[in-house]
Participant: 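The structure is given below, and queries will be raised subsequently.
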Amino acid sequence: MKKFKSLLTATAACAALSVATLGSSSVSAANTFISIGTGGPTGVYFVVGNSVCRMVHKEAAEGRKSGRKHGIRCAAPSTGGSNYNIGQIGAGELDFGVAQSDWQFHASNGSSKWEGKQQSDLRAVFSVHPEPFHIIVGADSGINGWDDLKGKRVNIGNPGSGQRGTMEVLMAAHGTSVDDFAIATELTSSEQSKALCDGKIDAYGYTVGVPNAGVAIATDGCDARIINLNSGVEKGLVDANPYYAFATIPKGTYKTSSADVTTFGVKATFVSSAKVDADVVYEVVRAVFENLDDFRKLHPAFANLTPAMMTDDGLSAPLHNGALRYYQEKGWK
Ligand code: GLU
């Protein structure tokens with residue numbers, strides 16, 4: 001295929017190329033609209049989804065000039081997050097989505113929240129940035145560790161979000177129930193920082209890439225702090241589960257980051273369904289990797305992404321055939 005690129009001078013070669021690369025579904029791929037589930041509008045998933053669309057549209061525009069047309073149109077709306085996206089992909093309502101590596105694992109294996117609802121058509125496409133799990137606490141909340149959350153007003157996240165699921169796992173591991181909190185709210189990621197700064201809650205849990213503008217609203221806006229989660233409980237979770245790893249939120253990330261914060265975290269991953277056409281997945285993957293330098297510049301959390309980590313880390317569902325085809329062509333698989 002790389003050879004074809006240098007031949008893109010004659011119209012005949014262009015026509016041959018589009019048939020060769022898109023196969024028999026070139027006509028449908030030429031008019032395909034895809035939707036990518038993200039997360040809250042202030043999160044990093046929203047940037048992932050819209051950055052993927054940007055690369056897809058860039059390739060489409062270049063293809064119109066060079067004759068290598070894919071014609072895919074893409075939208076990446078804000079959604080409830082990881083588990084919502086996985087469910088909607090399963091229902092055929094979304095074609096792609098961003099999801100935490102822990103929820104990709106559980107949905108694909110039918111474990112945890114997905115017990116009895118195994119998503120056997122769920123497919124891994126690539127992974128993106130690391131997402132440390134944050135507990136963010138009010139400046140004057142007096143909360144310095146997990147045990148101090150008892151009796152406090154804690155946002156556990158909206159149902160369907162990845163952080164809600166991971167918060168529940170962490171609560172179970174610590175033997176904490178919602179009744180241990182003064183109130184457990186279910187605010188979305190775009191509501192929680194304002195609620196903290198307005199004094200409506202004392203703390204919230206959030207799984208998100210670093211740095212994040214939504215977190216900065218609380219840390220830089222009202223001196224909220226991020227606490228360490230590095231007890232034996234988190235060590236137990238990391239040791240027992242392949243999709244968790246210890247993570248650091250470096251000193252200096254936010255206004256109140258006066259020291260490194262140690263916590264555990266997951267990877268953000270890009271997923272799809274076996275029911276989504278392999279030619280479409282191939283084109284989306286190709287658009288991202290052929291433009292990886294541009295992609296990396298679209299958010300600081302993407303700066304260190306490499307094909308080696310993106311095609312391996314945090315992927316537990318089977319790779320989508322369309323993605324695998326591209327990775328094999330590149331010699332990565
Ligand atoms: N990890 C969060 C979730 O799964 C979303 C984070 C973000 O929007 O960047 O719901």
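In listed order, ligands and their atoms are each counted from 1. As a basis for the values below, the full set of heavy atoms in this structure was taken, side chains included, without hydrogen atoms, waters or symmetry mates. Sequential numbering from 1 along the given sequence is applied to the chain's residues.
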Participant: Give one line per pair: atom of ligand 1, protein atom, distance. Only N/O to N/O under 3.5 Å.
Facilitator:
from     : atom 1 : to   : atom 2 : distance (Å)
ligand 1 : 1 (N)  : Y45  : OH     : 3.2
ligand 1 : 1 (N)  : Q100 : OE1    : 2.9
ligand 1 : 1 (N)  : E131 : OE2    : 2.9
ligand 1 : 1 (N)  : T207 : O      : 2.8
ligand 1 : 4 (O)  : S82  : N      : 3.3
ligand 1 : 4 (O)  : S82  : OG     : 2.4
ligand 1 : 4 (O)  : Q100 : OE1    : 3.3
ligand 1 : 4 (O)  : G162 : N      : 3.1
ligand 1 : 9 (O)  : V44  : N      : 2.6
ligand 1 : 9 (O)  : Y45  : N      : 2.8
ligand 1 : 10 (O) : S82  : N      : 3.4
ligand 1 : 10 (O) : G162 : N      : 2.8
ligand 1 : 10 (O) : Q163 : OE1    : 3.4

Participant: Mind checking side chain to side chain contact (heavy atoms under 4.5 Å, CB included) for T166 and listing every partner two or more places apart, or none if nothing turns up?
Facilitator: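 Result, side chain to side chain contact (heavy atoms under 4.5 Å, CB included) vs T166: Q100, D102, W103, F133, T207, Y244, F264.
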Participant: Tell me whether K117 at atom NZ has more than 12 heavy atoms from other residues, nucleotides or ligands lying less than 6.0 Å away.
Facilitator: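 For K117, atom NZ is crowded (more than 12 foreign heavy atoms under 6.0 Å).
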Participant: A268: which residues meet the side chain to side chain contact (heavy atoms under 4.5 Å, CB included) condition with it, sequence neighbours left out?
Facilitator: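 For A268, the residues satisfying side chain to side chain contact (heavy atoms under 4.5 Å, CB included) (neighbours in sequence not counted) are Y45, V98, V128, H129, E131.
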Participant: Which residues pass the salt bridge (charged side-chain N to carboxylate O under 4.0 Å, His left out) test with D260, not counting sequence neighbours?
Facilitator: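 D260: no salt bridge (charged side-chain N to carboxylate O under 4.0 Å, His left out) contacts found.
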Participant: Any sub-3.5 Å donor-acceptor pair from N212's side-chain atoms to T42's backbone N or O?
Facilitator: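 Present.
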Participant: I want to check a possible cation-pi pair here: R296 against F302, using under 6.0 Å from ring centre and within 45° of the ring axis as the test.
Facilitator: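 Cation-pi check for R296 and F302: fails.
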